[in-house]
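Letters go in sequence order (proteins before strands), and every chain restarts at 1. Computed from a prediction, not measured in an experiment: that's the story for all the values here.
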Number of protein chains: 4
Amino acid sequence: MLSVVEETGRPRRPHTGRRRNEAAREAILDATMDLMYADDGAEITIDAIAHAAGVGRQTIYRWWPSKGAVAAEAMARHAQAIVPVTKTGSFRADLLAFISDSFAGLADDRLRGALRRLAAGAQSDEHVAQVLAEFTAQRRAALRQVLEQGVASGDLGPGANLPMLVDMAYGLLWYRVLVGHAPLDADAARDLTSCLLAAGRP
Amino acid sequence: MLSVVEETGRPRRPHTGRRRNEAAREAILDATMDLMYADDGAEITIDAIAHAAGVGRQTIYRWWPSKGAVAAEAMARHAQAIVPVTKTGSFRADLLAFISDSFAGLADDRLRGALRRLAAGAQSDEHVAQVLAEFTAQRRAALRQVLEQGVASGDLGPGANLPMLVDMAYGLLWYRVLVGHAPLDADAARDLTSCLLAAGRP
Amino acid sequence: MLSVVEETGRPRRPHTGRRRNEAAREAILDATMDLMYADDGAEITIDAIAHAAGVGRQTIYRWWPSKGAVAAEAMARHAQAIVPVTKTGSFRADLLAFISDSFAGLADDRLRGALRRLAAGAQSDEHVAQVLAEFTAQRRAALRQVLEQGVASGDLGPGANLPMLVDMAYGLLWYRVLVGHAPLDADAARDLTSCLLAAGRP
Amino acid sequence: MLSVVEETGRPRRPHTGRRRNEAAREAILDATMDLMYADDGAEITIDAIAHAAGVGRQTIYRWWPSKGAVAAEAMARHAQAIVPVTKTGSFRADLLAFISDSFAGLADDRLRGALRRLAAGAQSDEHVAQVLAEFTAQRRAALRQVLEQGVASGDLGPGANLPMLVDMAYGLLWYRVLVGHAPLDADAARDLTSCLLAAGRP
DNA sequence: AGTTAATCGAGACGGTACGTCAGGTCTTGGC
DNA sequence: GCCAAGACCTGACGTACCGTCTCGATTAACT
């Protein structure tokens, strides 16, 4: 529909006067995500975000304290429960499904790239660090929920150190994502599942 | 007046003519480490490294392809034999010692900060990524060596998935370093050791 | 505390937003002229201009294509109406006055130095060449105007080759400025005037 | 002859031990002239000269105090009486021939470029200035010699201001070379000759 | 209905760091 | 001692972003 898009391809947002323009805000977050997903390894700059969003730089600085804060909010918007917890009856099958799904999602180069940028950004930007912390906490909680089913079913011992098991699992995932020395494929998912079961065995 | 040091306090390195000046190389790496250890949060600049090392910028660019590569090599130089493999006779004690020592080294905020910078830099700089890969490969090899003693002693089963165990251990370490949601203290070392033993049990 | 000048002594120019800041432009040109007039023989640096003008380097690059172009424009600004055309009634007196004034202005070492830099710069910088061309064209036009009075009064023949006379006059001037083998004093002005009159005689 | 030139095209000069290598000296001067004649407008660098001459930079610095000094000496070597003084019997013809020949030599873009570089370099390098002074003095002497024939023959008056005529002639030449606003063609030579004759007429 | 006020896209501004280039000095190893 | 080679320190270059500032427009909210 031509009325929304100029021939430059830039959406011509309606002015909202003296109230914040939500369309601009979303354009900024969308553009930021696009850039984080981009696999060209290019550094993300405020200029690039502003230009991609068709926005003035000042509009970004008006609403976010730092580039990391923008990236963080953009990531947080997209970090919704990617891996739903399934229940098949068999604990091992449930755990394997959870881990396999988690790994499978990371087969996408662009998503893996975004996570790497997120982790890297968190090391120097407090806002990003917070988003990473919340994001990983959600994931840990989800996995822990799965493992607690294992305790309930007796597949794991009552004294199993669940936080440690969770951290070992996600530790392996992030370690391989960030270092890249080994894949996160179906075999890895199976092996990790076995190790976790053995480590938590009664 | 000392013959080695000018009144400026800068070591007056002897010129080595048309051959690479090893003293300059080491001054650069030392200065880089000093700056990485500095926890003032300041970004490390090529200018800062050059100035601190008493070196021209071009001398850095001549030998390293990027700032990250310098930092990486500086890190690698200091990461030698941080954790010596001990042998006490008991496999569990050896493994616990290795992990405890590894964790203990990371109690230093500045070293942890350097590792975080290293991991973050690896996500956008290919040269840093390579050094991180080599560095972590060394550490994995060291841990694997320890675990193989466990296989030999029968504490671990002959079919234990050693690469997976190693990645789980270092995964946990890096995960907690980079996310910071849980400590790497003595309890964590003990718990991790137990989990690894259980996961690799015959 | 003065409202215009900070304690650093730097004029705190008002920001003009998204429009070019004329005050900055003039500060740049003024600083450039100051540096060109400085006879310390130091090479003029973009950094030096920017610093002296209290301006970022990029602001210079934004508006001028090369260092020479800045210098050229700075020169051109100061070269306005250095030699006013006078009219006394006697053509010979007018011509002598014009030439004498032109020569007298070059008695200043610093102005002569600036012209030498201008001519030298024009040989390798197209932008400077253009400014030099325009500047010299203005001067030639002024002299030609004087000579045309001579044609009108009959002191010069109707077929006098005015462009050649003009070029001979300014040629001598520049030749002596650039080579420095002979002075541009009152005697020289008188002799040149005589020669021009003789060469253009009816 | 192939024994002198490597396949790289670089002359393999014989080493002269602890005595200065004249072949190297000439290679440097030749390379410098080649670069000055080059019409690509590129700045001449010591590196470029050294590389073109197949010489170490130090060998240049050992024998010349500055880049300009090299260029100056190189120019001086080639500045031998380019314009021979002819004698046809007619003073006007002799003068026209001298001026025409002088102009004709400057039809070559590369020679004109070299002269422009020479004049430009003289403004900031004392050594080049000296060479330019000597070179132009030679030319002025040659032209003066021609004009003195005119005085002897009566074509010029006994009180003709020869230095002024000479400077007007060469002034015009250099002015047009350096500013480039008008050509140095046959017409110009003829007009200049006429003006000089008129200006020096008894 | 007119005034005020805040947002928006835009882009100039003063800076800082970048990576490159050239200058001039120094040393090696061969002759 | 001269020469080719090339590393060294220095410093200027032109570029990329940063975060700030102002503009003119647009519109909402308040007279």
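At whole-Å resolution of the value, OH in A:Tyr61 and C1' in E:dG11 are 14 Å apart. The CG-P distance, from B:Asn21 to E:dT28, rounds to 11 Å in whole Å. Protein atom NE2 of A:His51 is 12 Å distant from nucleotide atom P of F:dC17, rounded to whole Å. Here E:dC26 presents its P atom at 12 Å from CZ of D:Arg62, a figure rounded to the nearest Å. The CD-C1' distance, from D:Glu43 to E:dG23, rounds to 13 Å in whole Å. We find that CZ of D:Arg20 is positioned 18 Å from C1' of E:dC31, with the value rounded to whole Å. Between the CD1 atom of A:Ile49 and the P atom of F:dG19 there is a distance of 11 Å, rounded to whole Å. In this structure, A:Ile28 atom CD1 and E:dA10 atom P are separated by 12 Å, rounded to whole Å.
Between C:Arg13 and E:dG14, a side-chain N or O to OP1/OP2 separation shorter than 4.0 Å is present. At the phosphate of E:dT20, neither OP1 nor OP2 sits under 4.0 Å from any side-chain N or O atom of B:Arg57. Using a 4.0 Å cut-off, no side-chain N or O of C:Trp63 falls inside it from OP1 or OP2 of E:dG11.
Positionally, the nearest nucleotide of DNA chain F for C:Lys67 lies more toward the 5' end than for the other of C:Lys67 and A:Thr45.
Distance from the side chain of D:Val55 is smallest for F:dA4 among the nucleotides E:dG23, F:dA4, E:dG14. Closest contact between the side chain of D:Asp47 and the listed nucleotides F:dA12, F:dG19, E:dG23 involves E:dG23. Of all nucleotides listed (E:dG23, E:dT25, E:dC8), E:dC8 comes nearest to the side chain of A:Thr59.
Within the 3.5 Å criterion, the main-chain N or O of C:Thr45 finds no donor-acceptor partner in the side chain of C:Lys67. Between the D:Asp125 side chain and the D:Ala71 main chain, no donor and acceptor come within less than 3.5 Å of each other. Here the side chain of D:Glu26 pairs no donor or acceptor atom with the backbone of D:Glu22 at under 3.5 angstrom. Judged by distance alone, with hydrogens and angles left aside, the side-chain atoms of D:Gln130 form no donor-acceptor pair with the main-chain N or O of D:Glu126 at under 3.5 Å.
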Heavy-atom contacts, protein to nucleotides 25-31 of chain F, under 4.0 Å, summarised as B (base), S (sugar-phosphate only) or - (none) per nt, yield BBBBS--
List the atom pairs, donor and acceptor, that lie under 3.5 Å between side-chain atoms in residues 27-35 of chain D and the rest of the protein, sequence neighbours left out.
{"from": "D:Asp30", "atom 1": "OD1", "to": "D:Arg77", "atom 2": "NH2", "distance (Å)": "2.5"}
{"from": "D:Thr32", "atom 1": "OG1", "to": "D:Ile28", "atom 2": "O", "distance (Å)": "2.7"}

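B:Leu115 CG to B:Met36 CE: the interatomic distance, rounded to the nearest 0.5 Å, is 8.5 Å.
A:His127 approaches A:Gly68 most closely through the heavy-atom pair CB-C, 4.4 Å.
At a cut-off of 3.5 angstrom, counting only N and O atoms as typed in the model, there is no donor on one side facing an acceptor on the other between the side-chain of A:Gln58 and the base of E:dC8.
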